[in-house]
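In the text below, chain A, chain B and the rest are named by the order of the sequence lines, each starting its count at 1. Just so it is clear, the model here is predicted, and its values are computed rather than measured.
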Protein chains: 2
Amino acid sequence: MSAIRLLVLGAVRQHGRAHGYQIRNDLEFWGAHEWSNAKPGSIYHALKQLAKQGELLAHEVAPSTAGGPPRTEYELTEAGTAEYFRLLRESLVAYDQKADVLTAGVGFIVDLPRAEAVELLKERVRAIEGWRASVTEHYVPEDGPEQLGHIGEIMNLWISQADSGVEWTRGFIARIEAGAHVFSGEGDPFVGVLADGEENPYATDVRAEGDDD
Amino acid sequence: MSAIRLLVLGAVRQHGRAHGYQIRNDLEFWGAHEWSNAKPGSIYHALKQLAKQGELLAHEVAPSTAGGPPRTEYELTEAGTAEYFRLLRESLVAYDQKADVLTAGVGFIVDLPRAEAVELLKERVRAIEGWRASVTEHYVPEDGPEQLGHIGEIMNLWISQADSGVEWTRGFIARIEAGAHVFSGEGDPFVGVLADGEENPYATDVRAEGDDD
DNA sequence: AGTAGTCTAGTCAAAGTTGAATAGAAGGGT
DNA sequence: ACCCTTCTATTCAACTTTGACTAGACTACT
């Protein structure tokens, strides 16, 4: 699954109550439209689906106070909160080599207690190493990787990505254990939402050069 | 865009003429259903789309020789060949952090001349480094990354992935320059298709453990 | 006071993706 | 002879994603 549900649930939760355009702006502030599918259509679609499935509660609201069509405000239900934490934990543990889900998880990691965050990341390391072991075992049988021709280079690529994933995760664990960041229950959290009227320094294309996704 | 069009065009091209089930089997042989969206529905959809867009030529064929419904065989048109090479070159150069496109490109890289492969990979390195520079420049302004709280960790993650991408690419370039693999115009290519009747050792789930995509 | 531009907010059709369902033929056992 | 499973090959409905489009309201300028 993509990162959109986690992103939308997390963004709504930070506001308490929010409409689509606010979510869209927050996610843009985080650069999420760059590294995930958090584009307008997907956001509004996710909001509607989550509401339909009982994870968000939709409030039909009178015409907008600031121009534009009438807007709908959403807030998390209990089921939505449960789903949010389930997705968050899963995003930190699972090694599915989709960078967007992990990125979203890191963005919300401080909603968990510090000890749990560390434990989940350690499980992530174990998962990657298990995956690595199963790949090398299956794809490099007795006769060595040369057999596979250039297709063996694909395995090199995967392995190199796995190893760099382990390295980054270990570094992150070390920083958290050394006291970095403010986690759940440790006082005023760092919140990446825009205050009313604050302008967004990252609103437009950050990856202007060297990229053509 | 996903890797499906490149995968399908490349697979059809290796056969000269192929029907959907053959493509599906080849891609499964390469493990593509694991690291990309090359699943039956997507493959057949891509074949139909590519035919509709004039990149594949569809031959309606009499009922299958080996059971099952009648099948359609496809072959590349001139436009399809051009599109194939365009997508292949793009996949090797672009840094869009979607691993599946790069993986597909590596799988077909030997369809290019050796010198061009090296040149494209060197361009890839430049692209990643350019992206890296633009990210660090934009997201770490005068006051250092601490400002961003745990959101700064997301940048760490991206940077670490970029660096490992550069390292893998450099290693690959070195191996190619040292004479590894058989490229276009250098004799019998290594072809990852199954001979008729050969069985597929990788047909079923390779990533059985340590994974829950 | 008209109007061009921009900001707010959301909708829509077209395309892509998924997993399950369908259906014919061959093989193998009882 | 019959049934059950497996292999071949594809289709389908449901869902997701995308990018362009719509449309109201404010704002700055002539």
Side-chain angles (χ1 to χ4, degrees), chain A residues 1-8 18-28 32-34 36-53 58-74 98 100-101 194 196-200 203-205 213, chain B residues 1-8 18-28 32-34 36-53 58-74 98 100-101 194 196-200 203-205 213:
Chain A
M1 203 203 17
S2 83
I4 190 75
R5 290 168 70 93
L6 175 56
L7 285 168
V8 166
H19 54 87
Y21 196 65
Q22 269 176 307
I23 302 307
R24 175 180 171 178
N25 266 308
D26 279 4
L27 296 182
E28 200 168 74
H33 56 301
E34 298 289 348
S36 80
N37 59 334
K39 282 141 201 155
S42 298
I43 293 168
Y44 286 104
H45 174 73
L47 284 168
K48 277 177 189 163
Q49 281 294 110
L50 288 166
K52 201 167 108 187
Q53 291 163 14
H59 302 272
E60 297 288 341
V61 162
S64 157
T65 56
R71 58 200 188 188
T72 307
E73 290 191 332
Y74 296 90
K98 297 275 158 52
D100 61 339
V101 179
L194 293 167
D196 256 354
E198 189 186 351
E199 72 180 300
N200 179 355
T204 42
D205 201 349
D213 197 299
Chain B
M1 202 202 20
S2 83
I4 191 73
R5 289 167 71 93
L6 175 55
L7 285 168
V8 166
H19 54 88
Y21 196 67
Q22 268 176 309
I23 302 308
R24 174 182 171 179
N25 266 308
D26 278 4
L27 296 182
E28 201 166 74
H33 56 302
E34 299 288 347
S36 80
N37 58 336
K39 282 138 202 157
S42 298
I43 293 168
Y44 286 103
H45 175 73
L47 283 168
K48 277 178 188 162
Q49 280 297 110
L50 289 166
K52 201 168 109 186
Q53 290 162 16
H59 303 271
E60 297 289 341
V61 163
S64 156
T65 56
R71 57 200 189 188
T72 307
E73 290 190 333
Y74 296 90
K98 297 274 160 52
D100 60 340
V101 180
L194 292 168
D196 256 354
E198 188 184 353
E199 72 181 299
N200 179 355
T204 43
D205 201 349
D213 194 297

Determine the minimum heavy-atom distance between [X] and [Y], stating which atoms define it.
{"X": "B:Leu6", "Y": "B:Val101", "value": "CD2-O, 4.4 Å"}
{"X": "A:Leu47", "Y": "A:Gly20", "value": "CD1-CA, 3.6 Å"}
{"X": "B:Tyr21", "Y": "B:Tyr44", "value": "N-OH, 3.4 Å"}

(message) Within the 4.5 Å heavy-atom criterion, are A:Lys48 and A:His45 side-chain neighbours or not?
(response)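 Sidechains of A:His45 and A:Lys48: no contact.
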(message) Taking the nucleotide of DNA chain C with the nearest heavy atom to each, does B:Ser42 or B:Arg24 sit closer to the 5' end?
(response)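 The residue whose closest nucleotide sits nearer the 5' end is B:Ser42.
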(message) For B:Pro40 and B:Gln53, find the nucleotide of DNA chain C closest to each by heavy atoms; which residue's nucleotide sits nearer the 5' end?
(response)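 Nearer the 5' end of the strand: B:Gln53.
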(message) Can you identify which nucleotide, out of D:dT10, C:dG19, C:dT17, has its nearest atom closest to the B:Lys39 side chain?
(response)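 Among D:dT10, C:dG19, C:dT17, the one nearest the side chain of B:Lys39 is C:dG19.
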(message) B:His59: which residues meet the side-chain hydrogen bond (donor to acceptor under 3.5 Å, both in side chains) condition with it, sequence neighbours left out?
(response)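 Checked B:His59 against side-chain hydrogen bond (donor to acceptor under 3.5 Å, both in side chains); matches are B:Arg17, B:Glu75.
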(request) Could you tell me which residues satisfy side-chain hydrogen bond (donor to acceptor under 3.5 Å, both in side chains) with A:Gln53, sequence neighbours excluded, listed by chain and number? (result)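 For A:Gln53 the side-chain hydrogen bond (donor to acceptor under 3.5 Å, both in side chains) partners, ignoring immediate neighbours, are A:Arg5.
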(message) Is A:Ser2 close enough to D:dT17 that one of its side-chain N or O atoms is under 4.0 Å from OP1 or OP2 there?
(response)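 For A:Ser2, the contact criterion (side-chain N or O under 4.0 Å from OP1 or OP2 of D:dT17) is met.
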(request) Would you indicate, yes or no, if C:dT11 has its OP1 or OP2 atom less than 4.0 angstrom from a side-chain nitrogen or oxygen of A:Tyr44? (result)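 Result: no.
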(request) Classify the nucleic acid contact of B:Lys48 as base, sugar-phosphate or nothing, counting any heavy atom under 4.0 Å across all strands shown. (result)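 Touches sugar-phosphate only.
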(request) Mind checking A:Gly20 for me? I need base, sugar-phosphate or nothing, with any heavy atom below 4.0 Å counting as a touch. (result)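 It contacts sugar-phosphate atoms only.
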[N] [atom2] sits how many Å from [X] [atom1], rounded?
{"X": "A:Ile23", "N": "C:dG10", "atom1": "CD1", "atom2": "P", "value": "10 Å"}
{"X": "A:Gln49", "N": "D:dC15", "atom1": "CD", "atom2": "C1'", "value": "7 Å"}
{"X": "B:His45", "N": "D:dT16", "atom1": "NE2", "atom2": "P", "value": "17 Å"}
{"X": "A:Gln22", "N": "C:dC7", "atom1": "CD", "atom2": "P", "value": "18 Å"}
{"X": "A:Arg71", "N": "D:dA23", "atom1": "CZ", "atom2": "C1'", "value": "16 Å"}
{"X": "B:Asn37", "N": "D:dT18", "atom1": "CG", "atom2": "P", "value": "12 Å"}
{"X": "B:Ile43", "N": "C:dA20", "atom1": "CD1", "atom2": "P", "value": "16 Å"}
{"X": "B:Lys52", "N": "C:dG16", "atom1": "NZ", "atom2": "C1'", "value": "12 Å"}

Residues 36-43 of chain A side chain polar contacts: donor-acceptor under 3.5 Å, at least two apart:
from, atom 1, to, atom 2, distance (Å)
A:Ser36, OG, A:Ala32, O, 2.7
A:Ser36, OG, A:Ala38, N, 3.2
A:Asn37, ND2, A:Ser2, OG, 3.2
A:Ser42, OG, A:Asn37, O, 3.3

(message) Give the dot-bracket line for DNA chain C from 5' end to 3' end: parentheses for intra-strand Watson-Crick or G-U pairs under 3.5 Å, square brackets for crossings, | for inter-strand pairing, dots for unpaired.
(response) ||||||||||||||||||||||||||||||
